[in-house]
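A single structure is presented below for examination.
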Amino acid sequence: MKKIDIKELSSWYRIHHEKRLEERYLTLRQMQPYLAGLSDGFKVKKIGESFERRDIYTLVFGEGKTNLLLWTQMHGNESTGTRALLDLIKFFSDPGTLSWLSSHILQECTIHCIPMLNPDGAEAYTRINAQGIDLNRDVIEKRAIESRLLQKVLKAVNPEYCFNLHDQRTIFSVGPENRPATLSFLAPSVDDRRTLTAGRQETMRVIAAMNEFLQQLIPGSIGRYTDEFYPTATGDNFQKMGHNTILIESGHSKGDYKRKEARRATFMALLEGMRYISTREEKIDHHKYFDIPDNEKKYLDIIIKNVKVDDKDADIGILFIEKLEHGKVRFVPSVDKLTDLSAYSADKILDGKGLDFTDQNDVENWVKNKLN
Ligand SMILES: [Zn+2]
């Protein structure tokens, strides 16, 4: 099968992607109108309610024999995946010159989506659900109604592939230049020994395909998460149950606090993944997955270099804390590190020559007063 021309897809995206809903704060109420207005090819169904009784939906499209299950905003404040999914819906509604791709995928696959699994967390802009449960650590206990709903759909659909969509913090970096990790992947382990089961190898192949495609768009900005086995994590358990589960973490790129770049990359990753899955004869060497560099934690929002604290040289490392205020996310600077940060990179690097502080408290007060 034909490969996607990244230039053609980029130009489709520039013109046709969903241009509304650009804020990080994305609630059920904001999303609902998009689900209500879809054409016949998209079947939307309410499957239940969250703890605080907000609707949870499935959205199904395609007519193929390979079942895919994709869910977003399992962590309520991680909305980039939902916005990428809205772009994906636009693509399958109006693919333009890429209709060969759209019709091929829809012929081969049936795509089941749960857009916004955690609408209460989305409303409150929290990772957890309204009961304080992290849905991504609740797969065994199933204390949350949202976890039970996800597994009900999993059982009914019996997907061959799952896409588990998240956002990662700005702190994650890739490679020797500490570029921000705009996108990170994981093929979760099924046991402590990180066994390369046939299913896990297949998950790795899909990720390797996505990575190869996206290196053209965001070279050197894609990372790979540790595959340490997490016994209570959703992906690890779904993979263990035989569903090839691809974790995508949308992240930062320089200056892009709305994550527009990560949204575009996530959309393209999903599309290339679906193209690869639909093209059964194509076999990538799964070892290529290991060529993706490890995610590191060497990126900060701001570094202020060359200050003095108690007469000693230091750099100030600042991370933004996201706070929901009047329906908008405010990025509040907070001191994360006070040490030599020459091994780090940041969105903004400032020269603090001449700044003289007595102690950490003094630094924190200054940041609070000057940078807020
Ligand atoms: Zn998450």
Side-chain angles (χ1 to χ4, degrees), residues 23-28 31 50-51 56 69-85 113-144 146-147 149-151 154 162-174 180-189 203 207 210 222-239 245-253 257-259 262-263 265-267 269-270 295-297 299 319-324 329 331:
E23 298 298 322
R24 292 277 286 276
Y25 182 53
L26 174 55
T27 64
L28 178 70
M31 186 188 68
S50 64
F51 186 75
I56 297 174
L69 175 62
L70 178 161
W71 62 95
T72 73
Q73 260 172 297
M74 152 178 255
H75 290 143
N77 57 355
E78 300 176 3
S79 66
T80 305
T82 308
R83 286 178 285 129
L85 174 60
C113 309
I114 307 177
M116 204 178 284
L117 179 64
N118 178 8
D120 298 344
E123 183 72 29
Y125 202 67
T126 57
R127 176 184 177 86
I128 50 182
N129 83 341
Q131 299 160 276
I133 298 167
D134 181 342
L135 302 185
N136 205 23
R137 294 286 180 272
D138 189 41
V139 67
I140 305 289
E141 286 191 284
K142 289 177 261 188
R143 285 158 61 218
E146 297 88 355
S147 308
L149 273 171
L150 174 62
Q151 290 193 43
L154 182 84
C162 293
F163 291 93
N164 182 7
L165 270 61
H166 290 260
D167 269 78
Q168 63 186 346
R169 294 168 61 206
T170 314
I171 197 163
F172 290 103
S173 60
V174 194
T182 305
L183 220 58
S184 295
F185 293 110
L186 174 69
S189 291
T203 305
I207 292 174
M210 291 167 146
I222 301 171
R224 179 166 55 89
Y225 260 93
T226 167
D227 60 356
E228 183 190 336
F229 178 61
Y230 288 94
T232 61
T234 306
D236 304 50
N237 281 280
F238 284 13
Q239 183 73 51
T245 303
I246 296 133
L247 176 79
I248 305 180
E249 296 270 358
S250 309
H252 188 70
S253 66
Y257 283 91
K258 290 191 177 175
R259 302 223 158 150
R263 169 187 182 166
T266 303
F267 158 79
L270 288 170
N295 251 15
E296 290 184 66
K297 286 185 177 170
Y299 199 85
L319 273 181
F320 292 156
I321 294 170
E322 292 164 35
K323 283 198 175 142
L324 182 65
V329 177
F331 294 91

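Computed from heavy atoms alone, side chains included, the values below leave out hydrogens, waters and symmetry copies. Whatever order the structure lists them in is the order used to number ligands and atoms, beginning at 1.
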Look up atom CZ in F172 and atom OG1 in T170, then write down how far apart they are to the nearest 0.5 Å.
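Atom-to-atom, F172:CZ and T170:OG1 are 10.0 Å apart.
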
List for me each residue that meets side chain to side chain contact (heavy atoms under 4.5 Å, CB included) alongside P119, sequence neighbours excluded, and say none if there are none.
L28, S50, R54, I56, M116

Near the Zn ion (ligand 1) (under 2.8 Å) - protein N, O or S atoms
H75 ND1, E78 OE1, E78 OE2, H166 ND1

Tell me whether the count of non-hydrogen atoms from other residues, nucleotides or ligands lying under 6.0 Å of CZ in R137 goes above 12.
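Atom CZ in R137 is packed in, count exceeds 12.
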
Roughly how far, to the nearest 0.5 Å, is the NZ atom of K258 from the CZ atom of R263?
11.0 Å

I need the L135 CG to H75 NE2 distance, nearest 0.5 Å.
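Here the rounded value is 6.5 Å.
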
Within this structure, what is the CG-OG1 distance for the pair N237 and T232, rounded to the nearest 0.5 Å?
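One finds 7.5 Å between CG of N237 and OG1 of T232.
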
